[in-house]
2 protein chains.
Amino acid sequence: MAKTGPRLHAGGAGQRELNAALSGREPDHGSLAALLRQSGLKLTPQRHLICQLIENSDGHPTAEELYESATAVMPSMSLKTVYTTLNDLAALNAIRLVNVGTGGFRVESNLEPHGHLVCRMCGTIMDIPVNPAIEEELAVPPEIEFEVEQREVTLRGLCRSCASKQGEGAGA
Amino acid sequence: MAKTGPRLHAGGAGQRELNAALSGREPDHGSLAALLRQSGLKLTPQRHLICQLIENSDGHPTAEELYESATAVMPSMSLKTVYTTLNDLAALNAIRLVNVGTGGFRVESNLEPHGHLVCRMCGTIMDIPVNPAIEEELAVPPEIEFEVEQREVTLRGLCRSCASKQGEGAGA
DNA sequence: CACCTAATTTACAACGATTGTTACTTACTA
DNA sequence: TAGTAAGTAACAATCGTTGTAAATTAGGTG
């Protein structure tokens, strides 16, 4: 699942490739890139690309997945930069980094309250709606004195394709 | 939090120390140790000790914590054995290994349905009751076709002592 | 537009948590 | 009591992530 090959790129040649890949470079307001800049961080091509990849990703990419997509466009991108940018975005509350126990966190760009379906075979995450009434029910017994900041609902099991794969496997 | 020092014990001298530490060695039925044996696995002194440590632990120990407790009594214990035993127990559904995103999983010996409070500073886990009615509400939209095996409710935030520590820190 | 400076990126090493490997040891059985 | 399959210990390796330090660059300034 994780590529561990050599990461030896000649440094310093990222700008050109990026411009070729990105038509316009103005950070639309409300975008992750715009958020980065507004918060005083420099909007480097690397960060801009990572923000775009997150916004265009359908699901919940891992750092490694983003890194692979990024290097396709900007071969000089380093994995460390991906991590740093993700942590920066998370610190700004622009994304969340969720750890669903599948090894490595995943980027969560949907900040609306919702739950997660996690496939224990392929690690895929899907968002599911959670009845707001439930959220309220999830209260802490008063004697515990715990400051709740975040509520998580996670359902684990098998996604459709993994369930069918497993069915086949058992049959054969 | 994790001890990384040398782990160079002379091997093969575990039996004696164990007998000194454990008064009786009959695995009470229903205990983790009994479960292990019933399932055809050998009940070694190492496994027996780990089972006891789990049963006597108040909370949700990490593998590392169990290892430290174990070596206090049986210095030859290896961390690998702790991991192996935990995985064996989990495979038997005698315990659950929960990953709450604090780095490393924790042992969960309470198999009744319940939720978790996780302190983001110290990593402490506390069990909380979850209204069974809520569990039922946590349904998957029918179009998704997902086989749910497990439901998790996790509330994250600060435990009392970390909240007060943080309050002091901000004030000073 | 050239320059300055602090922020950022990069390569690489290191870390924590966990697992693979292999030779030695031991629990159970005949 | 011996035989054998299973388990253990030591150690290296893996995965995901972060620390370090040197080189590069974004964005403001004259």
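As the structure is a prediction and not an experimental result, all values here were calculated from the model. To find a chain, count down the sequence lines: A is the first, B the second, and so on, and within it residues start at 1.
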Do A/Leu89 and A/Ile54 have side-chain heavy atoms sitting under 4.5 Å apart?
-> yes

Separation of atom CZ in B/Arg37 from atom C1' in C/dA27, rounded to whole Å = 10 Å

Considering only heavy side-chain atoms of A/Lys80, the closest of D/dT17, D/dG7, D/dT20 is D/dT20

Choose from D/dG7, C/dT8, C/dT10 the nucleotide whose nearest atom is closest to any side-chain atom of A/Thr81.
-> C/dT10

Distance, rounded to the nearest Å, where B/Leu79 contributes CG and C/dT21 contributes P = 18 Å

Gap between atoms CD1 and C1', on B/Ile50 and D/dG7 respectively (whole Å) = 11 Å

Should A/Arg47 be listed as having a side-chain N or O under 4.0 Å from OP1 or OP2 of D/dA26?
-> no

D/dA26, C/dC28, D/dA9: which one has an atom nearest the side-chain heavy atoms of B/Leu43?
-> C/dC28

Nearest-angstrom distance from the residue atom CD of B/Gln46 to C1' of C/dA27 = 11 Å

Picking from D/dT17, D/dT8, D/dA26, the nucleotide nearest the side-chain atoms of A/Ala63 would be D/dT17

Looking only at side chains, do A/Arg96 and A/Gln150 share a donor and an acceptor under 3.5 Å apart?
-> yes

Looking only at side chains, do A/His60 and A/Asn110 share a donor and an acceptor under 3.5 Å apart?
-> no

Whole-Å distance between C/dA7 P and A/Asp88 CG?
-> 12 Å

Rounded to whole angstrom units, what separation is found between the OH atom of B/Tyr83 and the P atom of C/dA17?
-> 7 Å

Quick one: is A/Ser76 getting a side-chain N or O under 4.0 Å of the C/dT10 phosphate, OP1 or OP2?
-> yes

Counting N and O atoms only, with roles assigned by atom type, does the side chain of A/Arg156 sit under 3.5 Å from a partner on the main chain of A/Val100, one being a donor and the other an acceptor?
-> yes

Rounded to whole angstroms, how far apart are CD on A/Glu68 and P on D/dC15?
-> 13 Å

In terms of side-chain heavy atoms of A/Leu41, which of C/dT8, D/dA9, D/dT20 is nearest?
-> C/dT8

Donor + acceptor pair across side chains of A/Glu152, A/His114 (<3.5 Å) | no

Atom NZ of A/Lys42 and atom P of C/dA6: how far apart are they, to the nearest Å?
-> 10 Å

For A/Ser78 and C/dA11, is the shortest distance between a side-chain N/O and OP1 or OP2 below 4.0 Å?
-> no

Taking the nucleotide of DNA chain C with the closest heavy atom to each, which residue, A/Thr84 or B/Asn87, is nearer the 5' end?
-> A/Thr84

